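Below: the structure, in structure tokens.
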Amino acid sequence: MNYHLTQIPHREQKPRSTGYTMVMDRGLSLRSVEDLIETSEPYIDIVKLGWTTSYLTRKLNEKLVRYKDAGIPCYLGGTLFEAFIVRDQFKDYQKIIDKFNLEYAEVSDGSVELDHDKKCEFISILSQQVTVLSEVGSKDAAKIIPPYKWIEQMQTELDAGAWKVIGEARESGNVGLFRESGEVRQGLVEEILTQIPSEKIIWEAPQKAQQVWFIKLCGTNVNLGNIAPNEVIPLETIRLGLRGDTFNHFLE
């Protein structure tokens, strides 16, 4: 840090086991990736190439190498996994993982109807190949999943071999964990946390108010995802009580 301040909450340092910041790359250029690494590498734990953007991204391999050389692992969005599954191309998906030397993969069913036992089977198979993140929740705003179902699915997916589970919110932050307005489904989150350890969950929270809510509830080192590249450092200031939203939260 550039100067010393007292009463700054303890922030886990990389490589972290908790306090993850997952950044969503929605099609950054190589130059933008280099700028992001220069400014924000210490605060980024993992990057997701959002939904199916990797299908269209130019110089995809070069981009992945840039991130890897900076010590930032990448994975392809869960919607891409679903696009392969719905076309009965699971083995082709596995080949893509190997082709691009990926160390992580996301298994989700937010856009397709997938039997949950089959989803857990995919998690189990992929966990023998890479580290798996599994996403729970629907991208359909009209589909409300009761808390017990969230808990049940998160636990069975962790048991199947998922490293962490992701709470669905989309890149907009208005489905799944959140109401259409972006307001947190507080009862849902609090009930999930009675059964699933916080460190095993990455909460998708693209909006600032959502990030503040989770930090106040779970602390500085809560796992947050779907963070825009230009919001990485602003998020870190919220984590440290150095932005108005949490300015007094960590002071003694």
Side-chain angles (χ1 to χ4, degrees), residues 22-30 33 46-68 72-145 149-150 152-177 202 204 206 225-226:
M22 177 263 277
V23 170
M24 180 181 282
D25 178 333
R26 302 194 292 180
L28 294 177
S29 68
L30 290 181
V33 168
I46 195 164
V47 167
K48 170 169 65 178
L49 303 191
W51 59 101
T52 56
T53 56
S54 60
Y55 182 72
L56 301 172
T57 297
R58 299 181 65 189
K59 299 183 179 179
L60 174 59
N61 194 60
E62 290 93 325
K63 173 185 278 195
L64 294 171
V65 169
R66 294 285 201 288
Y67 281 125
K68 188 171 185 177
I72 301 172
C74 289
Y75 67 97
L76 310 180
T79 304
L80 184 70
F81 164 81
E82 296 177 46
F84 275 91
I85 295 305
V86 79
R87 293 168 173 80
D88 195 27
Q89 291 182 258
F90 179 59
K91 290 189 181 298
D92 291 331
Y93 179 75
Q94 289 182 286
K95 291 176 183 175
I96 293 295
I97 291 173
D98 288 338
K99 176 182 178 181
F100 290 102
N101 297 310
L102 297 170
E103 299 175 4
Y104 291 78
E106 181 181 321
V107 173
S108 68
D109 57 353
S111 299
V112 299
E113 292 292 333
L114 182 61
D115 177 80
H116 194 250
D117 287 341
K118 187 64 177 177
K119 182 182 181 184
C120 288
E121 183 182 334
F122 286 130
I123 291 170
S124 181
I125 294 169
L126 282 172
S127 68
Q128 304 303 309
Q129 182 180 0
V130 290
T131 299
V132 175
L133 301 99
S134 65
E135 186 175 72
V136 176
S138 175
K139 289 179 169 60
D140 183 351
K143 187 174 181 180
I144 304 299
I145 302 172
K149 200 72 174 176
W150 282 79
E152 180 182 283
Q153 292 184 1
M154 284 181 166
Q155 189 59 62
T156 53
E157 291 173 25
L158 288 167
D159 292 343
W163 167 62
K164 292 186 189 295
V165 289
I166 301 170
E168 170 72 78
R170 300 196 72 175
E171 69 280 1
S172 53
N174 60 1
V175 299
L177 297 169
I202 296 176
E204 291 187 343
N226 284 12

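Positions are given from 1 along the sequence. Just so it is clear, the model here is predicted, and its values are computed rather than measured.
Counting only distance, with no hydrogens or angles, the side chain of Glu82 and the backbone of Val112 share a donor-acceptor pair below 3.5 Å. Panel note: side chain Trp150, backbone Val136; no donor-acceptor pair is recorded below 3.5 Å. Remark: the backbone N or O of Ala169 is paired with a side-chain donor or acceptor of Glu204 at under 3.5 angstrom.
Considering every non-hydrogen atom in both Ser127 and Ala160, the closest pair reads OG-O, 4.1 Å. Here the closest non-hydrogen pair linking Asn101 and Lys68 is O-NZ, 4.1 Å. Taking each heavy atom of Glu62 and Leu30 in turn, the nearest pair found is C-CD2, 3.8 Å. Of all non-hydrogen atoms in Ser54 and Leu80, the two that sit nearest each other are OG-CD2, 3.5 Å. Residues Thr57 and Thr53 share a closest heavy-atom pair of OG1-O, 2.8 Å. Of all heavy-atom pairs spanning Lys63 and Gly27, the tightest one is NZ-C, 3.7 Å.
To the nearest 0.5 Å, the span separating CD on Glu121 from CG on Leu114 amounts to 10.0 Å. With rounding to the nearest 0.5 angstrom, the CG atom of Asp98 is 4.5 Å from the CD atom of Gln129. Note that CD of Glu106 and CD1 of Ile123 are 10.5 Å apart. Values are rounded to the nearest 0.5 Å. Atom CE of residue Met24 and atom CH2 of residue Trp51 lie 6.0 Å apart, to the nearest 0.5 angstrom. Note: Tyr55 OH to Leu49 CG = 16.0 Å, rounded to the nearest 0.5 Å. Atoms CG and CD1, on Asp92 and Ile85 in that order, are 10.0 Å from each other to the nearest 0.5 Å.
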Verdict with supporting geometry, Val130 and Tyr75, side chain to side chain contact (heavy atoms under 4.5 Å, CB included):
CA-CA 10 Å; Val130 290; Tyr75 67 97; over 6 Å; no
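Residues meeting the side chain to side chain contact (heavy atoms under 4.5 Å, CB included) test with Leu102, sequence neighbours left out: Leu64, Leu76, Ile97, Phe100. Looking at residues two or more places apart in sequence or on another chain, you find a ring-ring contact (aromatic ring centres under 6.0 Å, His included) between Tyr93 and Phe81, Phe84.
The closest side-chain donor-acceptor pair between Asn226 and Lys48 falls under 3.5 angstrom. For the residue pair Glu103/Thr131, the side-chain donor-acceptor check at 3.5 Å is not satisfied.
Pairs passing the salt bridge (Lys or Arg N to Asp or Glu O under 4.0 Å) check and including a residue from residues 157-166, sequence neighbours excluded, read Lys119-Glu157.
Other residues, nucleotides and ligands contribute only 12 or fewer heavy atoms inside 6.0 Å of the CG atom of Asp88.
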